[in-house]
Amino acid sequence: MSERYQPATIEQKWRDRWEADGLYKTVEDPDRPKWYALTMLPYPSGDLHSGHWYAFTPSDAAARFRRMNGYNVFFPMGFDAFGLPAENAAIRNNIHPKQWTYANIERMRDQLRQMGAMWSWEHEAISCDPDFYKWTQWFFRKFYDAGLVYREFAPVDWCPSCNTTLAREQVWGEDRHCERCGTPVIKKSLNQWKFRITQYADELIDGLDTIDWPERVKTMQTNWIGRSYGAEVVFRTEKQGDGQSKEQGDPIEVFTTRPDTLWGVTFMALAPEHPLVEKVTTAAQQAAVSDYQTQAERLDEIARTATDKEKTGVFTGGYAINPVNQERIPIWIADYVMMGYGTGAIMAVPGHDVRDFEFARKFGLEIRRVISGPDGETGPLAEAYDAKNDGAMVNSGEFDGTPVDQAYDKVVAWLEANDMGRRAVNYRLRDWLISRQRMWGAPIPMILCPTCGIVPVPYEDLPVLLPDNAEFKPTGESPLKYHEGFRFVQCPQCGGKAERETDTLDTFMCSSWYQYAYITPNKNPGQPPAADDIPWDKATGDYWLPVDQYTGGIEHATMHLLYTRFFTKAMRDLGIVNFDEPMQRLFNQGIILGPDGEKMSKSRGNVVNPDEYVSKYGADTVRGYMMFIGPWDLGGPWDPSAIEGVSRFLQRVWSVALEPSPTESGATFSDADREQAADAARALERKLHQTLIKVSDDMLNFRFNTAIAGMMELNNQLVRQKDSPVATLPIWDEAVEALVLMMAPIYPHISEELWHRLGHSESVHLQSWPQADPTKAIEAEVTVVVQVNGKVRDKLLVAPGIGEEILRTQALALDNVRKWMDGKAVRKIVVVPDRLVNIVVG
RNA sequence: GGGACGGUGGCGGAAUGGCAGACGCAACGGACUUAAAAUCCGUCGAGAGCAAUCUCGUGUGGGUUCGAAUCCCACCCGUCCUACCA
C-alpha cells in the first residue's frame with residue numbers, strides 16, 4: 001500500500017527544486033512562438049488575500065497551459081508599490097513608507113511563492129525602486145518634451161480625507177466620492193500637471209476594434225470617452241444698456257448634437273461658473289445671480305444628492321441673439337449646465353429636450369415645436385419630443401419640411417457656409433490630472449524658477465530622489481514642501497534660486513508602463529536615464545512585446561486600462577514602440593466573495609484567509625477550488641465546504657495512479673475476464689480522448705471549472721475499473737499519464753510528484769500537452785432519441801454515422817413509437833444523424 | 001433616466017436549437033468500525049403509479065420552429081456600471 005497524498009510533504013519540496021533547477025527562468029527562443037502572459041500586479045498591502053488567489057492561480061494555469069502547448073512564455077510579477085496606504089501606515093506607526101512597503105513586499109513574495117506559480121522572479125519590478133521610477137520620471141519628461149504635458153490653474157477634484165487631488169477617473173458614483181476611500185470629493189482651484197490624453201480620444205475609441213477585449217470594457221471605455229457628433233454654434237450677446245439694440249457683443253459658443261433644432265431655441269443657459277456670466281449680468285439681476293453662484297458652489301462642496309433633480313436657475317438680465325433667425329433670447333444661469341462638458345453654455349430647446357423643457361416650464365419660458373411628430377403633428381407640445389428618426393423640421397424658415405434624417409447635414413452645411421458655426425465633435429473625456437499632494441510617489445521632475453519659469457529637470461539629473469527623511473504630515477500640501485533640502489534647488493538654466501515641484505506623480509503612471517519594465521528591470525542601475533535611451537533592452541523587448549494575454553479585474557476599466565493604452569500610443573508617437581495597443585487580449589476575472597455572498601470586508605467579518613486552507617489542504621487544492629467554483633469571469637462566494645470536493649478528487653487521483661495494479665496485488669483473471677477487458681479498454685481509450693478534446697478546449701478559453709469536471713469524469717472512470725483487468729493493460733498507464741499531464745497547469749505540485757513516481761525523471765512542466773486523437777474519441781454506439789410530435793418516446797442504440805433511411809425505418813418499428821403514433825398519418829420525419837428522429841403525426 | 005450582464009434542483013454550476021440538471025457540495029440509505037472520523041457502494045427536480053411508464057418542470061406572458069433553458073417580442077426581479085453629457 002502506498003502512502004496517502006500529503007500535500008505538506010511534497011509542495012515545498014517541489015517549489016525548492018523548481019527554483020534550484022531554474023525551471024521557470026525566462027529565455028528568448030526564436031524557434032518557439034512567444035507568449036507574454038501578464039496579470040495585474042498587486043499593491044503590497046501586507047497580506048495576500050483570497051482575491052489574489054482568485055486572480056493569480058488561474059492566470060498561472062493558463063500560462064502553464066500555453067507553455068505545455070509549445071509557447072515560450074514570459075510570465076513576470078512585480079509590485080505597484082507607491083501609494084497612499086503606505087503613507088497612511090507611516091503616519092499611524094511612525095515608520096517611513098519605504099520601510100513599510102519593502103517589509104510588505106518581502107512578506108508577500110513568500111506568500112506568492114506558496115501558490116506554486118511559474119513567475120520569472122528574475123524579472124520582478126517594483127515601482128518605488130529608484131531604478132524604476134527614474135524611468136517613470138523619464139516618461140514624464142519625454143511627454144513634456146512632446147507637448148503632451150501642461151500645467152494649469154483650474155478647479156480640480158480634491159479628496160479631503162486623502163488630502164490630495166484626484167483624476168476625473170478616480171471620482172466615482174452619484175455622490176462623486178473618492179475611488180480609494182469613499183469620501184465625497186470637493187472642488188479646489190490649484191496649479192496641477194495634466195497629460196493631454198484627450199489628444200488621443202478618437203484613437204482610444206477606434207483602437208478598441210483592433211483588440212480582443214471583453215465587450216463590457218470596450219463599452220465602458222467608449223462611454224467614458226463619450227464622443228458625440230454635433231456642431232459648435234456661435235451666439236452673440238446683446239450689448240448692455242439698450243434693450244432694443246441688436247448689435248452684437250461677446251461670442252458665446254455652444255455645442256449641440258441637434259443643430260436642426262436651432263430655430264427652437266428660446267433661451268440660453270450658462271454654467272454658474274461660466275466666465276461670461278459677469279459680463280452679461282445686468283445691475284438689476286446682479287444680487288440674484290451672485291446668490292445663485294454661491295449656492296451652486298456650496299453644492300459642490302457639500303456631498304451632492306443628485307436624486308433631487310428639480311431644476312434651478314436665475315435670469316442674468318442679459319440677452320443673446322440667435323444667429324439663425326436674429327431672435328433675442330434671455331440668458332439664464334443654471335446648475336444643470338456643467339462647466340466641465342462642452343463649452344459650459346447651452347442653447348436651450350425646450351420643445352425637444354427634456355431638461356430644457358422642465359426648466360422652461362418651471363420658469364415660464366417659451367416652448368416651441370420645430371420638429372413635427374411621427375404622424376406629422378405640428379401643434380403645441382405637452383412634453384419634450386426627442387425626434388431622432390421620424391418627423392420633419394417646422395417653424396424653421398427655409399428648412400421647413402426637411403426630414404430629420406437629412407436635417408443635421410443640411411443645417412451644418414448651411415451654418416458653415418454662413419459662418420455661424422461648424423461641424424464639431426465633443427468628448428466627455430478630460431485630460432488626465434497626474435499631480436498628487438502626497439510624498440510616497442515619484443517626484444514630478446520639474447523646477448519652478450522665478451526667472452526662467454518652468455524648467456524641466458535635465459535627463460542627466462534624473463532621478464529626482466525621494467528623501468528618506470521627509471516628514472509625513474498630511475496638510476493638504478505635499479509633505480515634500482516641508483523638506484528644505486528637497487524643495488530648494490538651483491535653477492538648471494540660470495543657476496539662480498529656484499524651487500522643485502513638490503507634488504508627486506499619480507501611481508497610475510507607474511502602472512501605465514510596468515509591462516515594459518519587466519522586460520529588463522532596473523536597466524542601467526544607478527545611472528541617469530538618457531534622453532535617447534529606452535527603459536528596456538530593445539532587442540529583448542522586440543522579442544516579447546506586446547503583451548499577448550492580460551488578466552485582471554474589471555474595476556480598472558476606465559482607469560489603468562485606459563491610461564496604459566494612452567501611454568502606449570504616446571510612446572509609439574515618440575518612436576519608443578512600434579505597435580498601437582499594449583495588450584492584445586484581455587480577460588476580466590470576477591470577484592471572490594465571502595461565504596455569505598457579500599464582498600469580503602473586515603467590518604463584515606466575512607474575510608476568508610487563504611493561508612488557513614493552504615495549510616489544511618495544500619496549495620494545489622486551493623488552486624483547484626478557485627478554478628472549480630464556477631466560470632472565472634463570474635466570481636462568487638467562497639464556500640468552505642465545497643473545497644472538500646477538490647481535495648477528495650486529488651486523493652482519488654493519487655491512489656488510482658499509485659496503488660499497485662490488481663495482478664501485482666495478487667488478483668488473477670480468467671481468459672473470459674481478459675476478453676471482456678478488451679471492450680472496457682476501448683471504452684477507456686474513448687473516454688480519454690474525449691476528455692483530452694474537452695479539457696484542451698476549456699483550458700484555452702479559461703473555462704477551468706468545466707476542464708476540472710472533465711478530469712474528474714475521467715478519474716471516476718478509472719476509479720470504477722481500478723480492480724478490473726483493464727488496469728493491467730497499456731491503455732491504463734496511458735490514461736493515467738495523460739490525466740497527470742492535463743492536471744499539471746492547475747495542480748503543479750501533485751502532478752510533478754505523480755509524474756516522478758510514475759517513473760519519469762524530467763519535470764512534468766517540461767512535457768508537451770497530450771494530444772487528442774479525434775478518431776479514437778468516436779463513440780462505438782450512439783443513443784438516438786426517437787420523438788413523436790417532439791416528445792421523447794423511445795431510444796435507439798446505433799453505430800455512429802448510420803444512414804438516415806435506416807434510422808427512419810428502425811424508429812418507426814419501435815413498439816412505444818407505434819403506440820404513440822396511434823395509427824395517425826405521418827406528416828413529416830425529421831432526422832438528425834447520431835442525435836434524434838422526430839416523427840410528426842396528426 | 002441610460003447601458004451591460006444575469007435569473008436552471010436544497011447550494012455552486014453544466015448544457016448556446018436536439019435526452020435539462022454534467023461535475024461537485026449538502027442531504028439521505030447502506031457497507032466497514034466497539035464507536036466516530038475517513039473511505040467505499042447507492043439514492044437524490046416535483047407529482048402519480050406495484051411496475052412498465054406517464055404528467056409537469058430552466059423568472060412571467062406571448063411568438064418563431066418538427067423541436068426552445070438556448071432564438072424573437074413584452075414584462076417582472078437581481079447585480080454591476082453610468083448619469084442634468086447639451
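Convention: sequence-line order gives letters A, B, ...; per-chain numbering from 1. Note that these values count all heavy atoms, side chains included, but never hydrogens, waters or copies made by symmetry. Computed from a predicted model, the values in this text were never measured in an experiment.
Note on ring orientation: taking the six-membered ring where Trp is involved, the planes of A/W638 and A/Y625 are perpendicular (angle over 60°, cut-offs 30° and 60°). Taking the six-membered ring where tryptophan is involved, the planes of A/F702 and A/F704 are perpendicular, since the angle between them exceeds 60° and thus also 30°. Below 30°, between 30° and 60°, or above 60°: for A/W654 and A/Y5 the angle between ring planes is between 30° and 60°, a tilted geometry. Taking the six-membered ring for Trp and thresholds of 30 and 60 degrees, A/W332 and A/F267 have ring planes more than 60 degrees apart, a perpendicular arrangement.
Nearer the 5' end of RNA chain B, as judged by each residue's closest nucleotide, is the contact made by A/P637, out of A/T256 and A/P637. When the nearest nucleotides of RNA chain B are assigned to A/T558 and A/N426 by heavy-atom distance, the more 5′-ward of the two goes with A/T558.
Remark: A/R652 is in phosphate contact with B/C40, judged by side-chain N or O atoms under 4.0 Å from OP1 or OP2. One finds no side-chain N or O of A/K795 lying less than 4.0 angstrom from the OP1 or OP2 phosphate oxygen of B/C19. Distances shorter than 4.0 Å separate some side-chain N or O of A/K791 from OP1 or OP2 on B/C56. Residue A/R648 places at least one side-chain N or O closer than 4.0 Å to OP1 or OP2 of B/C25.
Figure legend. B/C56 is base-paired to B/G45; pairs are counted as Watson-Crick or G-U wobble with both atom distances under 3.5 Å. Of all nucleotides present, only B/G24 satisfies the Watson-Crick or G-U wobble test against B/C11, with each distance under 3.5 Å. In this structure, B/G67 makes no Watson-Crick or G-U wobble pair, since no nucleotide meets both defining distances under 3.5 angstrom. Across every strand in view, B/C80 sits in a pair with B/G3 that passes the Watson-Crick or G-U test at under 3.5 angstrom.
Using a 4.0 Å heavy-atom criterion, one finds that A/V840 contacts the sugar-phosphate atoms exclusively. In this structure, A/N705 reaches the sugar-phosphate backbone alone: every heavy-atom distance under 4.0 Å involves primed, P, OP1 or OP2 atoms, never a base. Across all strands shown, A/W638 has no heavy atoms under 4.0 Å from either base or sugar-phosphate atoms. The residue A/R216 sits close only to the backbone: its heavy atoms come under 4.0 Å of sugar-phosphate atoms, none of a base. Residue-level contact check: A/N838 touches the bases, meaning some heavy atom is under 4.0 Å from a base atom. Residue contacts shown for A/R793 are limited to sugar-phosphate atoms, with no base heavy atom under 4.0 Å away. No engagement by A/V254 is indicated, since no non-hydrogen atom pair under 4.0 Å with the nucleic acid exists.
Spacing between atom CG of A/L634 and atom C1' of B/C80 amounts to 12 Å, rounded to whole angstrom units. Rounded to an integer number of Å, the gap from A/D794 CG to B/U53 P is 9 Å. A straight line from CD1 of A/I629 to C1' of B/A14 spans 16 Å, rounded to a whole angstrom. Look at NZ on A/K311: it is 14 Å from P on B/A86, rounded to the nearest Å. Atom P of nucleotide B/G67 and atom CG of A/N789 are separated by 9 Å, given to the nearest angstrom.
You'll find that the side chain of A/A709 is closest to B/A22, out of B/A86, B/G18, B/A22. Which of B/G13, B/C84, B/U82 sits closest to the side chain of A/R428 comes down to B/U82. Among B/A86, B/C40, B/C81, the nucleotide with an atom closest to any side-chain atom of A/M338 is B/A86. Picking from B/A83, B/C66, B/C23 the nucleotide with the shortest atom distance to the side chain of A/N716 gives B/C23. Closest to the side chain of A/F628, from the set B/C19, B/A14, B/G12, is B/G12.
Using P as the reference atom, B/A69 and B/G7 are 14 Å apart when rounded to the nearest Å. Nucleotides B/G24 and B/C32 have their P atoms positioned 25 Å apart, rounded to a whole Å. Using atom C1' as the reference point in both B/U43 and B/C25, the two lie 16 Å apart (nearest Å). A distance of about 32 Å separates the C1' atoms of B/G62 and B/G12, rounded to the whole Å. The same atom, C1', is picked in B/G45 and in B/C40; the two are 27 Å apart, to the nearest Å. Between the C1' atoms of B/G13 and B/U64, the separation comes to 30 Å (whole Å).
For B/C81, its base never sits under 3.5 Å from the side chain of A/N223 at any donor and acceptor pair.
By the 4.5 Å heavy-atom criterion applied to side chains, A/I367 and A/T266 are not counted as neighbours.
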### Task
Apply the test side chain to side chain donor-acceptor pair (under 3.5 Å) to residues A/T312 and A/Y292: give CA-CA distance (whole Å), side-chain angles for both, the deciding distance (0.1 Å), then the verdict.
CA-CA 9 Å; A/T312 60; A/Y292 187 76; 2.7 Å; yes

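Crowding of A/K362 atom NZ: a count of heavy atoms from other residues, nucleotides or ligands under 6.0 Å exceeding 12.
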